[in-house]
Each structure stands twice: as structure tokens, then as C-alpha cells.
Amino acid sequence: MSRIPLIAGNWKMNGLVADATALAQGIAAKAKAAPALGCQLLICPPFPLLGVAATAVAGSPVAVGGQDCHAKVSGAHTGDTSASLLKDVGCSYVILGHSERRTDHAETDSQVKAKAEAALAAGLVAIVCIGETLAQRDAGQTIEVNTSQLRGSLPAGANAENTVIAYEPVWAIGTGRVATPDQAQEVHAAIRAELIKLIGADEAGKMRILYGGSMKPDNAAQLIALPDVDGGLIGGASLKVDDFWAIAQAAG
Ligand code: PEP
């Protein structure tokens, strides 16, 4: 089953207007000059920089996404952002359930699922993040933790067009400690097996499962080449044009 890899940059809470403009323009310029690139590119800046980024990548194949959205369409939710507003300012994707949101904002699987359903309703692609902590891995709970988070977070109506899964071992995020190819493939295969149960073999076979956690230019190729790894969700290395581009080239 051939799946077009997705290389997604999670900028987190980094950058000001000038940085975001330069970074987005730099990535867009590389993408425009490489029409045969075999992967899709996505950048996910902080909320206030979404419009700046969308303007900077206009006319290029680079997509823009949010890092979170609210489950409700509108209303009295100070500080939150709706999926339809993300769509309106030029987003086509949204990251949901990142481990930093699960930790910093105590987001639960059912909240992530509700947000993902709002994203789908607004016409966004939901990138649903799951992953185990080091303590859970050391306790031999890796597969159960990930399949359980997947069952709890997957939106109703998920299919290969509207949903992407990101496996991000918490112990690998921002630590420089990357999963080995065997560790990554084992979990990705288990996620796909669980997806087969949840949405059927056809959609599960087409759905992209990204790896995230200290993906860098020097380890991207061997991770993305794994049978069930369909791209990357990249934090630190997405903040430099050359590093992000090197990962894109490893995928495409
Ligand atoms: C992330 O935050 O999604 C991530 C994978 O970060 P890093 O690449 O920096 O580990």
C-alpha cells in the first residue's frame, strides 16, 4: 500500500513574526524549486503566526496547520481557537493531543477525540498524537498504552483522508533520544493493526502514521523507510529551513 509521506513541522511556542516569515518563505521557496518532491509538507506555527505563515507559503505546495483547536464551534472559551477559524485563516491540518498538551493542559483521550471531531467537521485533517512515557515503556506497557490512546482519541468518521496518526514516544520528544528503527516499527505496526480493527483494513492500510521524537536529518531516512512509518512530526529540526528540508528530502 503506497502512502505519500507527510513531513510536518511543529513549531510549538517558538518564533516571532520576522522568524516565522523567513522560515515559512524559506521552506516554500525550496518546495517550489522541487516540484518532483515525493512527500507533502506541513508547517504548524503558533496561533498568532498562522496568517503570516499562510501568506508566506501561498502559491507553494506547503500546507499550514494549527497546534490545537477547541471542540466547540464558537462561544465563551477565552483563549481558545475554533477549528473553523483555523480553516478560515488558511489551515488544512491541526495537531491534536500532543503530549505537551496532554501534560500541560491535562487533555484526556475523550477531549482529544472531541477536538478531532470538530476538526473533521470544519474540513481540517486531524493529526492525532499518541505515545508512551519512559516509565510506561520500562513497565512493558508500550503497546497497550498506544492502542488504548488510539481507541480513545480517534474521531468518529476517521478515514485515511481526514485523519493522520502521530506516534510520539514522550521520552524521545525534544530529548535527542530517538526510537530505534525496531522500536518505531513495532509500535507503528501495532497501531496499524489496531486501526484495522477500528476502521477496517482498507482505510487502515491507507492511513498515514507519522513518527515524532528527535527526528533529525541524520536519522530521518532510516525511520521513514520503515514499512509502517509514513513521515514525521518534527519539533526542533523544523525550526531550521535546511534541517526541515533535509528531512523532506529523506522522505521524498
Ligand atoms: C514534537 O514536539 O512533536 C517533536 C517531535 O519534537 P522534537 O522533534 O523536537 O523531538
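Any value given below was found using the heavy atoms of this structure, including those in side chains, with hydrogens, waters and symmetry copies removed. In each ligand, atom 1 is the first atom listed, and ligand 1 is the first ligand listed.
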What residue and heavy atom of the protein are closest to [atom], and at what distance?
atom	answer
atom 2 (O) of ligand 1	Lys12 NZ, 2.5 Å
atom 1 (C) of ligand 1	His98 NE2, 3.2 Å
atom 8 (O) of ligand 1	Gly235 N, 2.8 Å

Ligand 1 versus Ala237: contacting region, heavy-atom distance under 4.0 Å:
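Contact part for Ala237 vs ligand 1: neither.
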
Between [X] and ligand 1, is there a nitrogen or oxygen pair with a distance under 3.5 Å?
X	result
Thr175	no
Lys216	no
Ile234	no

In ligand 1, which numbered atoms sit nearer than 4.0 Å to a non-hydrogen atom of [X]?
X	result
Asn10	1 (C), 2 (O), 3 (O)
Gly213	5 (C), 10 (O)
Ile173	1 (C), 2 (O), 4 (C), 6 (O), 10 (O)
Gly236	7 (P), 8 (O), 9 (O)
Gly174	7 (P), 9 (O), 10 (O)

To check you understand the geometry: which heavy-atom pair defines the closest contact between Leu86 and Cys69, and what is its length?
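That closest heavy-atom pairing would be CD1-CB, 3.9 Å.
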
Is there a donor-acceptor pair under 3.5 Å between the side chain of Glu203 and the backbone N or O of Gly200?
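Looks like no, no N/O pair under 3.5 Å.
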
Is there a heavy atom of Ser99 sitting under 4.0 angstrom from any atom of ligand 1?
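Contact absent.
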
